[in-house]
Amino acid sequence: MDIKLDPSRDDLPLVANTSHILVKHYVLDLDVDFESQVIGGTIVLFLESGNRFKKRSSSTEVACPSESNEACKFRMPEPCQIPVTNTKTFSSKIGYNDFVICGKGEKDTSGKDGNHDNQEQASGISSSKYCCDTGNHGSEEFLLVLDCCDLSVLKVEEVDVAAVPGIEKFTRSPKLRNQIVHEVMALPADRWREQLDYYARCSQAPGCGELLFDTDTWSLQIRKTGAQTATDFPHAIRIQYRTKPQGRSVTWTSDQSGRPCVYTVGSPINNRALFPCQEPPVAMSTWQATVRAAASFVVLMSGENSAKPTQLQEDYSSWHYYVTMPMPASTFTIAVGSWTEMKPEICSSNDVATERSFSPSEADFRYIGVCGHMEYPCRFQKASATTQKIIPHRVFAPACLKGACQETLLPLIPPCLSAAHSVLGTHPFSRLDILIVPANFSSLGMASPHIVFLSQSTLTGMSQLCGTRLCHEIAHAWFGLAIGARDWTEEWLSEGFATHLEDVFWAKAQQLAPHEAREQQELRACLRWRRLQDEVQNSPEEMQVLRPNKEKTGHVSDSGSSVIRHGLNPEKVFMQVHYLKGYFLLRFLAKRLGEDTYFSFLRKFVHTFHGQLILSQDFLQMLLENIPEEKRPELSVGNIFRDWLESSGIPQPLQRERQALAECGLAQQVSAEVSAGDAVHAFPFLPPRAVGPALHPWRGARDRRRRRATTVAKWVRVNRRPRKRKRKDREEVFEKVRHRWCELIVKHKYTKAYRDVERFLQEDQAMGIYLYGELMLSEDPRQQHLARRKDHSENLFHASARSPGGPRLAWTLDIKGRDQGEGWDMCGARMIQFSEAAPETGEDSCPRKVREGGPCLSLHCSTQTQIGVMEIS
């Protein structure tokens with residue numbers, strides 16, 4: 001914690017002192033309460049210190065987080081009663097008293113419910129003339145620092161693991177609790193079930209002494225009186241805490257069916273607002289969790305097992321998950337909601353192709369030697385896992401999306417999984433859950449161990465968007481999860497690889513001929529090239545660098561703390577530089593080596609580094625060692641750092657390559673189609689004047705229409721599904737033209753069609769996030785206003801119904817969260833107000849239509865809820 005933050009910057013601190021002590025296993029015991037929007041319970045941390053943490057250094061003295069230059073004060077063991085906030089939620093199975101520890105003689109900083117909150121500070125970490133020792137030297141007491149934010153910490157205590165029946169076999173002296181914890185951690189990998197059982201039993205042991213603790217904006221600090229070193233500090237501690245409804249690690253919302261749900265959102269602060277943890281990637285740990293919720297909810301987590309609910313008391317169930325592969329705490333994922341498991345339709349004979357093997361010789365996936373990671377039950381050492389092309393998988397979604405999942409998603413999973421196995425070999429994880437998350441999810445997808453979140457936007461149209469996004473998230477199982485970046489600033493090691501591999505996986509899943517695969521990949525490269533050009537023109541130069549820390553990449557302070565530059569910058573959500581520049585670098589290297597040689601090397605790299613954290617040089621050095629000398633002119637780690645990773649803008653090798661392709665006939669054809677044809681072809685009902693001469697160059701030219709139809713038909717043929725399906729004619733068009741149409745509207749400031757942009761932002765938030773970025777970066781105040789309105793609305797336009805003094809309903813257009821009709825005229829529509837006779841039957845919906853100089857507005861009202869939903873048709 002020997003870092004200082006500049007409150008004027010947007011950096012993300014990682015304050016855990018991982019160089020002194022590491023969390024090796026978490027045991028979570030939680031209750032999910034939707035009424036109060038709180039997840040509460042306990043977490044038990046099993047800690048390990050070692051010789052490498054015993055280095056003495058004066059630089060390990062750090063300032064305790066406080067708001068003023070006063071002595072560090074910690075809460076002393078003087079209990080104060082806490083009122084119970086929700087009697088419906090089951091308390092933890094462990095019998096804890098509802099007490100909080102308050103410091104003697106100091107002001108109680110707890111909230112009105114008795115909870116001690118993270119104190120809000122502008123700088124997050126402030127200096128102090130009084131130091132608390134986070135190391136293990138000198139006469140000061142050892143301080144355990146955990147990453148923690150937006151949590152109410154109620155109690156911290158040491159766990160008496162010596163009280164567990166049968167535990168005495170691990171030590172001759174029952175008083176050596178730390179020795180017991182060490183022996184449990186040291187159990188070999190083939191005894192992982194026994195190890196998890198001991199962890200669970202130890203976590204339920206009684207407490208043997210409350211510990212002093214304090215919190216600030218970004219951390220939880222814990223100490224024990226008399227414990228001066230990490231070795232003396234308790235190695236099993238229990239923390240009782242609650243999340244906050246506004247906590248940034250999870251989102252409380254409603255699904256597409258209107259039912260409540262909560263899920264982790266991949267927040268920039270990761271999971272520190274879900275449970276106290278060590279966030280730095282080096283703190284790789286295992287975990288097990290028991291989560292209780294109402295029986296109507298399904299709990300999904302990033303665990304190895306496909307958990308089934310255990311019935312508890314009336315209307316409540318318990319779910320248990322675990323993992324045995326050590327992973328960073330940021331990969332922990334949970335989603336609780338009224339999800340329905342989607343079962344595939346009965347397979348026909350046409351579906352046999354989805355089970356076809358794409359795998360080359362099995363010898364390509366077997367390498368001599370043991371794994372290089374820490375010991376755990378590894379799938380790469382199991383022959384059955386090595387040859388498993390399609391791992392067990394499930395799909396969950398709200399019931400209203402059943403048809404879309406069965407039509408679009410379910411048929412794609414087996415061929416995409418098999419294609420990934422054919423390229424990289426052994427699947428790192430034993431199973432896969434896929435969840436269609438609520439509409440407010442701001443990305444197309446997010447991958448975690450054993451579970452993938454997909455946006456509902458991927459279910460629309462043909463298989464192209466869904467298939468490529470699914471392949472992208474599957475690729476993260478290898479790059480991003482099984483192989484992680486040791487420094488979070490090197491995002492390209494995850495996103496660049498996934499973007500490059502999604503094209504390869506998708507081409508194999510479609511069973512394309514080699515020339516068709518190359519053509520498809522070149523088309524996608526053309527589109528990404530245009531996107532990269534836009535990115536570098538409209539983003540800060542310092543955020544375009546893939547290795548911003550340069551020679552200091554991977555370095556941390558003596559305590560293990562560090563700062564992620566621009567980690568909290570909201571612009572990063574919209575930026576794709578790490579995706580695109582990383583993609584083009586890997587594409588450049590694959591061409592230089594030859595694809596067969598490159599992917600053979602990639603399989604070897606995966607086998608060597610799975611289960612480990614890497615830096616850019618680890619990949620590049622191993623790659624160059626496998627390149628023949630004749631293919632290595634001007635290729636070196638230093639040159640790649642200079643040209644690709646440590647400079648802003650477009651890399652010079654990429655500029656030369658794209659210039660050479662500029663005269664390519666295919667590139668010219670794609671450019672013409674993208675710039676002019678997509679919008680008109682996607683919206684044939686629009687009159688030519690609605691698009692304008694600049695976007696309708698072939699109006700009246702029959703031969704140009706033929707050429708356009710031929711090109712689009714070719715694209716559809718290349719991107720068809722793995723099996724034949726009956727589709728409507730209007731769906732047989734380029735998948736992303738609706739998004740491209742909105743881009744053209746923004747580019748040409750075609751105000752009459754701003755309504756299409758508004759609707760796209762509301763209905764397709766995952767893809768709309770990029771359009772939102774373009775609107776915000778524009779200098780047009782009307783477009784910026786249009787984008788800002790998106791922040792205050794949710795998915796649909798709402799209308800308010802009122803009945804002033806009579807049985808008639810007066811309808812006025814309204815945006816939820818805004819004043820009535822505010823800004824609606826900015827997207828080219830007039831305020832509409834009209835009346836209709838109120839329904840006397842009290843039915844849930846009563847359709848009424850009115851035409852006001854443009855599109856038809858279909859209004860559905862309810863006399864019970866007094867809320868109407870407006871749809872533009």
Side-chain angles (χ1 to χ4, degrees), residues 14 16-27 44-55 170 178-199 202 230-231 235-236 271 277-288 302-304 321-332 367-382 385-386 425-430 448-450 477-488 493-494 554 556 560 604-615 618-619 622:
L14 303 178
N17 54 338
T18 54
S19 293
H20 303 143
I21 193 167
L22 284 173
V23 179
K24 304 302 291 185
H25 189 80
Y26 297 92
V27 179
V44 177
L45 280 58
F46 293 90
L47 304 156
E48 179 185 64
S49 60
N51 292 332
R52 70 187 185 90
F53 304 133
K54 296 181 179 180
K55 181 180 178 181
F170 287 110
N178 287 0
Q179 180 65 25
I180 294 174
V181 173
H182 173 75
E183 294 296 333
V184 172
M185 290 179 180
L187 288 174
D190 58 0
R191 296 174 63 183
W192 63 269
R193 292 184 185 275
E194 180 183 0
Q195 185 182 55
L196 287 178
D197 179 63
Y198 274 114
Y199 278 136
C202 288
T231 303
H235 282 26
N271 285 321
C277 58
Q278 291 181 328
E279 286 278 30
V282 69
M284 300 175 70
S285 59
T286 54
W287 59 265
Q288 58 196 107
S302 50
E304 294 177 11
Y321 287 89
Y322 63 84
V323 296
T324 59
M325 177 181 177
M327 300 284 290
S330 58
T331 63
F332 181 93
Y367 297 92
I368 300 174
V370 297
C371 298
H373 53 69
M374 65 183 73
E375 188 179 15
Y376 67 85
C378 179
R379 284 176 53 83
F380 285 78
Q381 296 296 320
K382 299 178 181 179
T386 302
T426 307
H427 287 280
F429 303 106
S430 59
S448 301
H450 310 99
W478 285 269
F479 292 95
L481 296 176
I483 302 175
R486 186 148 58 94
D487 190 314
W488 276 353
L493 289 171
S494 173
V556 297
K604 183 178 179 181
F605 179 81
V606 166
H607 190 275
T608 301
F609 283 100
H610 70 274
Q612 301 175 65
L613 303 173
I614 66 170
L615 298 174
D618 296 320
F619 170 73
M622 184 173 176

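When the salt bridge (charged side-chain N to carboxylate O under 4.0 Å, His left out) test is applied to R191, the partners found at least two apart in sequence or on another chain are E194.
Partner of Y322 under the ring pair (Phe, Tyr, Trp, His ring centres under 6.0 Å) criterion, out of W192, Y26, Y199: W192 alone. Of the listed residues (T608, I483, D487), just one forms a side chain to side chain contact (heavy atoms under 4.5 Å, CB included) with I614, and that residue is I483.
Contact check for Y321 versus E304: no side-chain heavy atoms found under the 4.5 Å cut-off. By the 4.5 Å heavy-atom criterion applied to side chains, F609 and W478 are not counted as neighbours.
H235 has its ring centre no less than 6.0 Å from the ring centre of F46. Between W287 and F332, a ring centre-to-centre spacing shorter than 6.0 Å is recorded.
Between the side chain of H610 and the backbone N or O of H607, at least one donor-acceptor pair lies under 3.5 Å. In this structure, E279 contributes its side chain and A329 its backbone to no donor-acceptor pair below 3.5 Å. Not a single donor-acceptor pair under 3.5 Å links the side chain of E375 to the backbone N or O of P188.
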Could you walk me through whether S302 and M327 pass the side chain to side chain contact (heavy atoms under 4.5 Å, CB included) test, one step at a time?
-> CA-CA 11 Å; S302 50; M327 300 284 290; over 6 Å; no
Verify side-chain hydrogen bond (donor to acceptor under 3.5 Å, both in side chains) between S285 and H25, making sure each step is shown before the conclusion.
-> CA-CA 5 Å; S285 59; H25 189 80; over 6 Å; no
Intermediate values then yes/no, side chain to side chain contact (heavy atoms under 4.5 Å, CB included), F380 and V606 | CA-CA 10 Å; F380 285 78; V606 166; 3.9 Å; yes
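A distance of 11.5 Å separates CG of L22 from CG of L45, quoted to the nearest 0.5 Å.
Nearest heavy-atom pair across N178 and T231 is ND2-O, 3.0 Å.
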